[in-house]
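A short write-up of the structure that comes next.
Predicted model, so just to flag it, every value in this text is computed and none were measured.
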Amino acid sequence: MSRAAFAEGFGAEFLAADSPARIRLLAALHPLDAAPESDGWNLDDLSGLLPDDTLRAQAAVLVGLVPRADGVQVLLTRRTDGLRQHGGQVSFPGGRIEPDDVDAVAAALRETQEEIGVPGALIAPLGFLDPLVTITGFRVLPLVATIDPGYVARPDPNEVAEVFEVPLAFLLDPDNLTTRALDYKGRARHVLEYRWPDQRIWGATASMLLNLRQRLETIR
């Protein structure tokens, strides 16, 4: 399958139960009733940068897919500049799994409503990507879900400065993903990055999107 055909498969008909793109996506994800329990797939990349005891904080994010007439879009947020961690960065809605959360799905839905005002009634969970470990010591479980295109974002200004969408086809195209070198605590690191008009999608968010593409590429 060509790159163009692979990406264009996620068109306006994506929500249909028998859509080939939807069927392929479901096959690529970990089932909702079998959330992966492994350590982050990127753990080797962080070797020596994190103390062992930091890999205990559990978090969940929502990789929201919005079916539009011109194709599926991915919902993203830009964090408020003044946040202690990840201020000004592009991310998925989500956060720490709290004791009151039944599971990672509940945490991702709760955080999405708290951060951008989209209720769980408008979100249909599909499955999980592989867990990812962040440089701040979180093990993040990405929940992939569809979001009703009629949603109205009401971001909490204390956490989210902007809510926007990027075409899934753009994010699935390997030509749009680059690697950027940076210095972290005196050590060279290479981080992934997408450039979208007025937005820089990089780090953990870009890594989760790469994981989505790689898992989809295994399904033919």
Side-chain angles (χ1 to χ4, degrees), residues 2-4 6-8 10 25 28-29 39-50 54 59-66 71-95 108 111-112 115-116 128-144 153 155 159-218:
S2 69
R3 289 180 180 178
F6 176 74
E8 289 172 1
F10 291 89
L25 176 61
L29 299 175
D39 291 331
W41 63 268
N42 64 324
L43 200 55
D44 288 345
D45 294 339
L46 302 181
S47 177
L49 294 175
L50 293 171
T54 63
V61 299
L62 185 84
V63 182
L65 306 180
V66 186
V72 175
Q73 307 289 308
V74 178
L75 184 146
L76 291 161
T77 72
R78 183 172 60 80
R79 313 295 291 179
T80 302
D81 289 335
L83 291 178
R84 183 171 60 87
Q85 290 185 339
H86 309 299
Q89 294 184 12
V90 171
S91 67
F92 294 113
E111 287 281 349
T112 299
E115 290 183 6
I116 64 173
F128 297 103
L129 296 175
D130 296 317
L132 177 135
V133 173
T134 70
I135 197 67
T136 51
F138 283 87
R139 175 187 177 274
V140 182
L141 189 56
L143 172 68
V144 179
E159 296 192 65
V160 176
E162 182 180 2
V163 177
F164 63 99
E165 297 177 6
V166 177
L168 179 60
F170 175 87
L171 298 168
L172 291 180
D173 188 339
D175 292 338
N176 294 326
L177 182 62
T178 61
T179 302
R180 179 171 176 264
L182 55 80
D183 179 85
Y184 183 80
K185 296 183 178 180
R187 173 174 159 179
R189 288 194 64 216
H190 293 86
V191 297
L192 299 173
E193 178 178 293
Y194 295 90
R195 286 286 186 172
W196 183 249
D198 301 322
Q199 304 290 352
R200 179 185 173 216
I201 307 165
W202 68 290
T205 303
S207 293
M208 293 178 211
L209 290 165
L210 171 62
N211 184 238
L212 172 60
R213 170 163 61 83
Q214 290 178 331
R215 293 192 65 85
L216 282 168
E217 286 174 341
T218 66

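Partners of Glu115 according to the salt bridge (charged side-chain N to carboxylate O under 4.0 Å, His left out) rule, which considers only residues two or more places apart in sequence or in another chain, are Arg79. Qualifying side-chain hydrogen bond (donor to acceptor under 3.5 Å, both in side chains) partners for Glu165, counting only residues two or more places apart in sequence or in other chains: Arg68, Tyr151. The side-chain hydrogen bond (donor to acceptor under 3.5 Å, both in side chains) search around Asn176 returns none, not counting sequence neighbours. Remark: Glu193 pairs with Arg195, Arg200 by the salt bridge (charged side-chain N to carboxylate O under 4.0 Å, His left out) rule, at least two apart or across chains. Applying the ring pair (Phe, Tyr, Trp, His ring centres under 6.0 Å) test to Trp41 and every residue at least two apart in sequence or in another chain returns nothing. With sequence neighbours excluded, the residues forming a side-chain hydrogen bond (donor to acceptor under 3.5 Å, both in side chains) with Gln199 are Glu162, listed by chain and number.
In this structure, Arg213 CZ and Leu171 CG are separated by 10.0 Å, a value rounded to the nearest 0.5 Å. Rounding to the nearest 0.5 Å gives a distance of 6.5 Å between CG of Leu212 and CG of Leu168. Remark: Leu25 CG to Leu65 CG distance equals 6.5 Å, nearest 0.5 Å. Going from atom CG of Asn42 over to atom CG of Asp130 covers 10.0 Å, rounded to the nearest 0.5 Å. In this structure, Leu132 CG and Asp39 CG are separated by 11.5 Å, a value rounded to the nearest 0.5 Å. From Phe164, atom CZ reaches atom OG1 of Thr77 across 7.5 Å, with rounding to the nearest 0.5 Å.
Counting heavy atoms from C-beta outward, Val61 and Leu143 have side chains that stay 4.5 Å or more apart. Between Leu172 and Phe10 the shortest side-chain heavy-atom distance falls below 4.5 Å. Pro93 is listed as a side-chain neighbour of Leu75, based on a closest heavy-atom distance under 4.5 Å. Residues Leu129 and Leu29 are in side-chain contact: their nearest non-hydrogen atoms beyond the backbone lie under 4.5 Å apart. Residues Phe170 and Ile201 have side chains not in contact (no heavy-atom distance under 4.5 Å, counting atoms from C-beta outward). Taking 4.5 Å as the limit, some side-chain heavy atom of Leu76 sits within range of a side-chain heavy atom of Phe92.
Contact between Leu62 and Ala108 at its shortest, heavy atoms only, is N-CB, 4.3 Å.
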Enumerate, atom names and distances included, each donor-acceptor pair closer than 3.5 Å involving a side-chain atom of residues 203-210, sequence neighbours excluded.
unit_1 : atom_1 : unit_2 : atom_2 : d
Thr205 : OG1    : Val90  : O      : 3.0
Ser207 : OG     : Gly203 : O      : 3.2

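Proximity of a side-chain donor or acceptor of Arg215 to a complementary backbone N or O of Ala28 within less than 3.5 Å is detected.
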Checklist entry - For Leu192 and Thr179, what are the C-alpha separation, side-chain angles and deciding distance, and is it a side-chain contact (heavy atoms from CB on, under 4.5 Å)? => result CA-CA 5 Å; Leu192 299 173; Thr179 302; 3.8 Å; yes
